[in-house]
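I have placed the structure first, in the form of structure tokens, so that the comments after it can refer back to it.
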Amino acid sequence: MSSSIPLRHLRQLSTTAKSSITISQAKTKLRTEHDPDKALEIYTSVSEHYSSPTSSRYAQDLTVRRLAKSHRFADIEKFIESHKNDPKITQEPFLCTLIRSYGRSGMFDHAMRTFDQMDQLGTPRSSLSFNALLTACTYSKQFEKVPQLFDEIPNKHGVSPDKVSYGILIKSYCAADKPEKAIETLRLMEEKGIEITAVTFTTIFNALYKKGNGEEAENLWNEMVKKGIEVDAAAYNVKIMYVHGGNPDNVKALIEEMANAGLKPDTISYNYLMSCYCMNEMKEEAVKVYEGLEGNACNPNAATFRTLIFYLCKNEDYDKAYKIFKRSVEVHKIPDFNTMRHLVEGLVKKKKMKEAKGLIRTIKKKFPPNVLVAWKKVEEGLGLASSDRNASSVPDDEEAKEATA
DNA sequence: TTAGGGTTAG
């Protein structure tokens, strides 16, 4: 019977068994894997089963970020360059991800070189790769170079800037704290008849609000509405962001305005409302927002849990905080180190030892090893340190800060 | 499906 299975099939099976993780499993693993070597391993175990471009790009991006965090630039280069041997390199979107990855690592020179290599690689150029190059430039925080590229590249390579190219240019001006140049660019787009979307406007609102120029931001908002541009949740969230430090009624009013305009407030909108209640010592209302998320077709994100648990701890409502913490574990969104420290210290203070120990057990499973060194100190301070010896190095506060899951 | 908002600092 078994002889009916051809050998090559068996071989295939064994190969699959060795690298049998799906792209979505890889994504989940990569999110919590901070060791760059292991991240690389996860990535390669799946890259053969290239499925959706979006997923692959995301996995590649995470891998590069892990390497970049460890300053392993030679490895990043090796990793990205190896993709140039892939037959898909002649597809512009594939090459664009490489350009952006270099940008993310702060390796703009390599991004530029990859863009220049396109003729040699046989990849056609359009505004897509031009935009990838501009993005790499902003990722590398070389904002002043974006206008320069904007002047040089289109003529040199026969690509024409589109609404996205202009969007990146505007973003660069905003990032360089020059909103007036951003508005100038907006006017240029009008002259040239390039579509201006809510995205473009939102970039500028944000910059204006940040500069304390709320009035001009409001004027621009009205201009956008008058133009009949479809406003979306992200645009509203910028507005909400700049009022959420004050009276919760203002946030509520904006959320209502969104709903009336046929827009669905999202998790970010509700997070602002919840934070605003927290800051105004309105605990019940804050919890109500959290509990109402699902009914509003929203899922709590890491920030939701972090903010709410922190404020509940501040109010010494450790029972509620612990309950919500358990939910955050279920959905793999455990808050950061400091929030967890407040919670465990509070639980011990209230003699909730069972809960404190439960929390510690979970943390040990979920936090990356480098953070566990600092966590050990917390346990010791509480007299809860377990017997295993682990004081191998000095706790690093910077590492602890990055313990967000 | 490449540009925008949130990952506050408590």
Side-chain angles (χ1 to χ4, degrees), chain A residues 31 52-54 57-58 61 91-101 103 126-139 146 150 159 161-175 182 185-186 189 194-210 217 220 224 229-242 244-245 254 258 263 265-276 278-281 286 298 300-315 333 335-336 338-339 341-342 401-405:
Chain A
R31 266 199 292 267
S52 95
T54 324
R57 187 176 314 153
Y58 182 72
D61 194 52
Q91 296 171 21
E92 195 181 13
F94 182 85
L95 184 137
C96 286
T97 67
L98 307 186
I99 291 180
R100 277 189 296 266
S101 286
S126 75
S127 55
L128 202 70
S129 45
F130 174 51
N131 295 344
L133 185 69
L134 295 178
T135 300
C137 201
T138 60
Y139 281 172
V146 172
F150 217 89
V159 296
D162 60 9
K163 60 177 176 185
V164 175
S165 326
Y166 279 97
I168 304 167
L169 179 62
I170 285 176
K171 174 72 183 170
S172 307
Y173 283 135
C174 291
T185 307
L186 190 77
M189 288 173 81
I194 291 168
E195 188 198 3
I196 303 171
T197 67
V199 175
T200 324
F201 274 106
T202 304
T203 313
I204 306 177
F205 299 145
N206 191 33
L208 289 172
Y209 278 122
K210 210 178 269 174
L220 212 56
M224 171 177 76
I229 291 166
E230 210 174 316
V231 185
D232 61 12
Y236 264 104
N237 284 342
V238 170
K239 267 190 158 183
I240 295 175
M241 178 182 176
Y242 288 95
H244 93 287
L254 279 171
M258 279 174 93
L263 292 170
D266 61 15
T267 303
I268 293 172
S269 325
Y270 289 116
N271 276 354
Y272 282 131
L273 181 60
M274 191 189 74
S275 306
C276 187
C278 290
M279 286 185 279
N280 285 275
E281 311 285 335
C298 292
N301 63 19
T304 316
F305 288 116
R306 192 197 52 227
T307 305
L308 189 56
I309 292 173
F310 181 84
Y311 278 97
L312 288 172
C313 288
K314 211 177 142 208
N315 278 281
K333 280 164 186 161
D336 60 290
N338 270 318
T339 304
R341 188 164 53 94
H342 285 302
K401 273 187 212 152
E402 284 163 17
T404 17

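To find a chain, count down the sequence lines: A is the first, B the second, and so on, and within it residues start at 1. Bear in mind that the values here come from a model prediction, so they are computed numbers and not experimental data. Worth knowing before you read on, the calculation uses all heavy atoms, side chains too, and leaves out hydrogens, waters and symmetry mates.
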Side-chain H-bond candidate by donor/acceptor type, Asp162(A) with Ser127(A), under 3.5 Å: yes

N/O donor-acceptor pair, side chain Thr203(A) with base dG4(B), under 3.5 angstrom: no

Hey, is the side chain of Asp266(A) pairing donor to acceptor with the base of dG6(B) inside 3.5 Å? no

Contact class for [X] vs. all strands (heavy atom < 4.0 Å): base, sugar-phosphate, or nothing?
X: Lys239(A); value: nothing
X: Thr197(A); value: base
X: Thr200(A); value: base
X: Thr267(A); value: nothing
X: Phe150(A); value: nothing
X: Tyr272(A); value: sugar-phosphate
X: Ser165(A); value: nothing

Could you give the [atom1]-to-[atom2] distance, from [X] to [N], as a whole number of Å?
X: Ile168(A); N: dA3(B); atom1: CD1; atom2: P; result: 5 Å
X: Ile229(A); N: dA3(B); atom1: CD1; atom2: C1'; result: 14 Å
X: Leu312(A); N: dA9(B); atom1: CG; atom2: P; result: 20 Å
X: Asn206(A); N: dT7(B); atom1: CG; atom2: P; result: 10 Å
X: Asp162(A); N: dT2(B); atom1: CG; atom2: C1'; result: 9 Å
X: Leu169(A); N: dT2(B); atom1: CG; atom2: C1'; result: 16 Å
X: Arg306(A); N: dT7(B); atom1: CZ; atom2: P; result: 7 Å
X: Lys171(A); N: dA3(B); atom1: NZ; atom2: P; result: 11 Å

Would you name the heavy atoms of [X] and [Y] that are closest together and state the gap between them?
X: Phe150(A); Y: Ser165(A); result: CE1-O, 3.4 Å
X: Ser275(A); Y: Thr307(A); result: OG-CG2, 3.6 Å
X: Lys163(A); Y: Glu195(A); result: NZ-OE1, 3.1 Å

Which label fits Tyr209(A) and Tyr242(A): parallel for a plane angle under 30°, tilted from 30 to 60°, or perpendicular past 60°? parallel

Looking only at the side chain of [X] (C-beta and beyond, no hydrogens), which of the listed nucleotides [options] gets closest?
X: Asp232(A); options: dT2(B), dG6(B), dG4(B); answer: dG4(B)
X: Val164(A); options: dG10(B), dG6(B), dA3(B); answer: dA3(B)
X: Thr202(A); options: dG4(B), dG6(B), dA3(B); answer: dG4(B)
X: Thr135(A); options: dG4(B), dA3(B), dG10(B); answer: dA3(B)
X: Asp336(A); options: dG10(B), dT2(B), dG4(B); answer: dG10(B)

Gap between atom CG of Leu273(A) and atom SG of Cys278(A) - 0.5 Å precision: 9.5 Å

Just wondering, do Tyr166(A) and dA3(B) stack (centres under 5.5 Å, planes under 30°)? no

According to a strict under-4.0 Å criterion, is Tyr139(A) in side-chain N/O contact with OP1 or OP2 of dA3(B)? yes

